[in-house]
Engineer: 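Handing you a structure now.
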Amino acid sequence: MSASGAQSSLRTKRGNRTSLEMRKGALVVGISVAILAYSAGCSGKDELFRQSEILMGTVVEVTVADQSGKRARKAIRAALDEIRRIDELMSAQKPGSAVSRLNREGHERAIPLGNELFGLIRQAAMISEASGGAFDVTVGPLSGLWGFDQGGKLPATSDIAASLPLVGYKKLIFDNSTSSVGFSVQGMRVDLGAIAKGYAADRAVEKLREDGIRDAIVAVAGDLRIMGARPGKEFWKIGVQHPRENGRMLMTFELRDTAIDTSGDYERFFTVDGVRYHHLLDPATGMPARGCRSVTVLAPTATEADACATAAFVLGPEKGISFLRARPGVRGVIVDANGRLHWTDRELERMARP
Amino acid sequence: MRLLLGDAAVLAVLAAAVAALSLPRAAAGRPSVAQVESSGRAVSSLDLRKDAVHEIEGTLGVTRLEVRGGRVRVLSSPCPRQACRHGGWIGEAGEMLVCLPNEVVVRLPGVRSGAPDAVSR
């Protein structure tokens, strides 16, 4: 029902009016406009559009705030297509991907990967270096052994020992002139599992931006890239999963124009004789890292947040916090193995809400 | 300023309109349907007011969903880890059950008041 409709019905029934009645009529119309504006205002001028899909072996969710449903839906489709493209390029599980080809043939010759994939592996190697190998993009032989993507199994100690010499980012051979990567040891395997989801979130946000979207969240599992704010607010409200209570938030943050990632021992794990074996492996030992329950990292890009969260988890609470503090624009909070919180800075601690 | 019958009628209609507009938000906490997707396609909308067991065909086999008392859970699944089954019951707007291996997603529409816009998990 429109406000003008209300006004015309008054006129039809009442005929001529005194000035007081006119004012009263105007008051009724005014109330109706205010109420309808309020009703519209509750959902904001922009509306929220949300779509999720299973991609990259996880749940991807794109949330967009926009006035145009048509534009929002088109942009979301393009963003999801971009994530699908990255998965096709970077998945070690898809035999046709460039990463699979590198893993099959990289010990024979350097494989041309194109600027995009070459650049990401290069960036991964730099974070490997900065973290002293705690995050290592060549962890592939170990993750294959543990098989967390297939449910996980406890490998024989001898198999882990045999895989360790195949792990090490320093054994990668980069050829900048041809954007090619090779392996110096036979049996090496690249695994982008701890950086590609963040990269996909970053790329999806760029696609949304190209389509005219200004306010959005792209969540690839725990990797979130955040742009702008929710309708009627200055921020998006982002929850951080509690590492031991399913569905409960450890804390929330009010964020805009940033990226946040959480890596935890509760995501992919199995239990043998009461011991939890999770997917965040220490490349030095081949075993799950034991110092933390979860690490949440805020960074300018989801690519960096993703890799840094894994690195800090493997480094453990003290070294992990030092590592995060040393990176410009990066901050975070670590839940250690006893449930205690470790912060990079007081300001972040003050930003956290229950 | 005296309120005439016509004004009262207009106000009553406006009040009803506002009530109707507000209703979906008030009821958003407890959805009456669950949307089910399989392999990225919407395949079913379950009535949460009717207790029943539903079978959903996924990529690995059949996921059985139980609806009881306005909530829904995964009763059985052909996936190896059974993480979806361990997710338990969901009944609040915005909650979701996901079986990644079988590519089955159960989603309760709407947004719970005060809930985060997204969760880093």
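Note that this is a predicted model, so its numbers are computed, not measured. Naming convention: chains lettered A, B, ... in sequence-line order (proteins, then strands); numbering from 1 in each chain.
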Engineer: Could you tell me which portion of A/Ile217 (side chain, backbone, both or neither) has an atom closer than 4.5 angstrom to a non-hydrogen atom of chain B?
Structural biologist: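 The side chain, not the backbone.
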
Engineer: Decide if atom CD of A/Glu234 counts as having more than 12 heavy atoms of other residues, nucleotides or ligands within a radius under 6.0 Å.
Structural biologist: no

Engineer: So which bits of residues 72-85 of chain B come within less than 4.5 Å of chain A, counting non-hydrogen atoms only?
Structural biologist: B/Pro80, B/Arg81

Engineer: Name the member of A/Met249, A/Lys237, A/Gln241 that forms the most heavy-atom pairs with chain B at distances under 4.5 Å.
Structural biologist: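 The candidate making the most pairs under 4.5 Å is A/Lys237.
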
Engineer: Please look at B/Glu95 and chain A and tell me whether the side chain, the backbone, both or neither of the residue comes under 4.5 angstrom of a heavy atom of that chain.
Structural biologist: neither

Engineer: Using a heavy-atom cutoff of under 4.5 Å, enumerate the residues of residues 114-121 of chain B that contact chain A, numbered in order, or state 'none'.
Structural biologist: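 The list, in residue order, reads B/Gly114, B/Ala115, B/Pro116, B/Asp117, B/Ala118, B/Val119, B/Ser120, B/Arg121.
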
Engineer: Quick check on A/Tyr266 against chain B: is it the side chain, the backbone, both or neither that has a heavy atom closer than 4.5 Å?
Structural biologist: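 Only the side chain of A/Tyr266 comes within 4.5 Å of chain B.
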
Engineer: Suppose we screen for ring-ring contact (aromatic ring centres under 6.0 Å, His included). Which residues come up paired with A/Phe253, at least two apart in sequence or across chains?
Structural biologist: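 None.
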
Engineer: Ignoring hydrogens and angles, write down the donor-acceptor pairs under 3.5 Å from the side chains of residues 52-63 of chain A, residues two or more places apart or on other chains.
Structural biologist:
unit_1	atom_1	unit_2	atom_2	d
A/Ser52	OG	B/Arg107	NH1	2.4
A/Ser52	OG	B/Arg107	NH2	2.7
A/Glu53	OE1	A/Arg84	NH2	3.3
A/Glu53	OE2	A/Arg84	NH2	2.3
A/Thr63	OG1	A/Arg50	NE	2.9

